[in-house]
Amino acid sequence: MSEIKLSSVYIRNSEKELFSDLSLSIPAGSFTLLRGGNGSGKFLLLKVIGGILQPDKGEVEVNGNEVYNYLASENTTSVPSAFIFQNGAMISNLNIGENLMLPLDFHFPQMPLTEKKKKIEYYMKLFGLKNILNVRPSNLEPDILKLAGIIRAFIVEPGLIIMHEPFEKLDDDQINIFEKLVEEEYKKGTSFILSSRINRKLSNMANYIVELYDHKIEWSGTIDEFRNNLILND
Amino acid sequence: MIKQVVYFINFCAEVLVQFRKIIRRGHVGIAVLQKQILFTGIDAFTIISLTALVIGGLIIIQGNTIFVNLGNSSIIYTVLVSVVTRELGTFIPALIIVARSGTAITTELGNMVVNNEINALTSMGISPVGYLVVPRIAGVVLSVLPLSVYFNIIALLAAGAVYQVFYDVIFLDFIFNLAAEIELNDILIILIKSVVFGYTIALLACFHGLQVMVASTEVPQRTSKAVVHSIASVIVFDIIITVIFYFM
């Protein structure tokens, strides 16, 4: 379970201010749905929460740890968060097996090789993937790459999984397996953040909503507060 | 411009920090290092051999004509050591590495940025500098050094072969005369220049690759910048090291 706290986050690029004084608090164990139109800053916010992008000012804490520095310290004892990217983002000069082994080797150096292979095999079977471990990403279809990216996130058993457009490129069967996996992990205590243009069953699992508009938090709160807010506005 | 310089300084500092962690990360970085040595070092042997053969042979053909006319053909050995060992023996391999490996590194890292692969590594808690940059720099340095030594050997042997075939100078005499000309400083300069050139080329190639922001159109632009900066840096360091060694 991971509590997420952003305090006065400020980010600018060479041209303009992207986030100015953005604060947000998401309770531990939440399934958060991140809403917002194109260009509202959803991916940027996810990158900040995932420790990929260090804010120019302000703090981002996941489970009490300043996430960017925590990741940079290469603490291998726990994995605060994992990210599912829109395109899978598999490392192109490694084959799929090496790609999946990489986070395991890095975070669990003491884990026996057989156990690591067993873990990979488990997820391969779950998604019905065969004979792809020795194949480079460039030789695989986008849906397979996406599934490999999903496996890479789940395999390290992180406290928080950040999902950016996870349904894109997947067919219905693949989405059903994925949704079942997310449900199981959520019951075990993993937090999730979902940003998706496609509405699926998972979107209805959300118990916390964050709405972004033009790089600002338009609204954030529990699903009940969100519904009440909608009723009041109507 | 100032922001770029600050970023570059920070990048260099991060590289040094990550170099210290290389042993801890050995189990995941070693494969990257091996691939870099294979590509930069072993795969470059053919082009290095060809260039060395041509340079060594041409110096004898061009030089002998001039020095025989001047009435002092033995000066050819001094010229060979000055030109091949002290300068071209490290400079030419460095240029070849810029063209082959520097461009490849920038393009590869640039495309990795565009495909979110760098983001993926960071999200896993794996430092892109530690995992991608440090093994590449180490790989290039470890490749440039033997390539430069190899270039020198091939160029000098080619010179000896051409001397014997075209000008009837006995090969063994050539070797002994040449050996008499080579000083300890000449060997040392090969080692120092190789390490400095290799480090600079790989550092700049990685820096420019990671400077790609979002679009794949930035990749060729960054690659061309990396080439220009690498060649300029190699020339500047070449002058500085030569001045330190032979004029101070």
Side-chain angles (χ1 to χ4, degrees), chain A residues 13-15 43 46-47 49-54 65 67-95 98-110 113 137-138 145 148-149 152-153 155-156 158 160-162 164, chain B residues 1-4 6-7 10 13-14 17-18 20-36 38-39 104-105 107-132 134-136 139 209-211 213-214 216 218-219:
Chain A
N13 63 12
S14 54
E15 288 154 16
F43 187 44
L46 293 178
K47 283 201 287 186
I49 294 172
I52 292 171
L53 193 66
Q54 186 177 29
N65 294 310
V67 66
Y68 189 85
N69 291 331
Y70 186 73
L71 283 177
S73 74
E74 298 188 348
N75 186 330
T76 57
T77 53
S78 72
V79 188
S81 62
F83 210 111
I84 295 171
F85 291 88
Q86 197 168 2
N87 64 344
M90 290 282 106
I91 309 301
S92 46
N93 60 7
L94 300 178
N95 63 35
E98 290 166 336
N99 258 293
L100 298 178
M101 200 58 93
L102 181 66
L104 290 175
D105 279 345
F106 193 77
H107 290 295
F108 310 106
Q110 308 302 335
L113 185 65
S138 55
L145 292 178
R152 186 177 61 186
I155 208 163
V156 288
L160 165 71
I161 296 183
I162 300 165
H164 184 231
Chain B
M1 178 67 186
I2 294 169
K3 209 175 172 186
Q4 283 269 307
V6 172
Y7 188 84
N10 282 338
E14 177 68 11
V17 170
Q18 293 296 333
R20 283 173 44 214
K21 294 184 181 174
I22 195 167
I23 295 163
R24 184 171 176 269
R25 199 184 296 100
H27 61 290
V28 286
I30 201 83
V32 183
L33 177 69
Q34 284 169 343
K35 279 180 192 165
Q36 196 60 54
L38 178 72
F39 175 71
I105 289 172
T107 310
E108 187 188 13
L109 294 188
N111 284 328
M112 287 181 84
V113 173
V114 176
N115 293 333
N116 272 324
E117 293 170 41
I118 305 291
N119 284 341
L121 285 172
T122 314
S123 76
M124 286 188 268
I126 300 172
S127 158
V129 173
Y131 177 66
L132 298 172
V134 167
R136 275 171 176 74
L210 293 178
Q211 279 283 292
M213 291 297 162
V214 282
S216 53
E218 296 170 60
V219 178

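All values reported here derive from a predicted model rather than from experimental measurement. Below, read A as the first sequence line, B as the second, and so on, with proteins coming before strands; counting in each chain starts at 1.
Counting heavy atoms from C-beta on, the side chains of L102(A) and L121(B) come closer than 4.5 Å.
When every heavy atom of R152(A) is checked against every heavy atom of A120(B), the shortest pair comes out as NH2-CB, 3.4 Å. Of all non-hydrogen atoms in I91(A) and E117(B), the two that sit nearest each other are CA-OE1, 3.4 Å. The two residues G51(A) and T122(B) have their closest heavy-atom pair at O-CG2, 3.7 Å.
The ring-ring contact (aromatic ring centres under 6.0 Å, His included) check on F39(B) picks up nothing, with sequence neighbours excluded.
Chain B forms more heavy-atom pairs under 4.5 Å with one residue of G149(A), S81(A), A153(A), S92(A) than with any other, namely S92(A). Of the listed residues (I162(A), N93(A), N13(A)), the greatest number of heavy-atom pairs within a distance under 4.5 Å of chain B belongs to N93(A).
With rounding to the nearest 0.5 Å, the separation of CD in Q86(A) from CG in N115(B) is 12.0 Å. Here the OG-CD1 distance, from S123(B) to I84(A), works out to 10.5 Å after rounding to the nearest 0.5 Å.
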Given side-chain contact (heavy atoms from CB on, under 4.5 Å), test F83(A) with N116(B) step by step and report yes or no. CA-CA 11 Å; F83(A) 210 111; N116(B) 272 324; over 6 Å; no
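In this structure, chain A has heavy atoms under 4.5 Å from both the backbone and the side chain of M124(B).
Listed for the N119(B) side chain is no donor-acceptor partner under 3.5 Å among the backbone atoms of I52(A).
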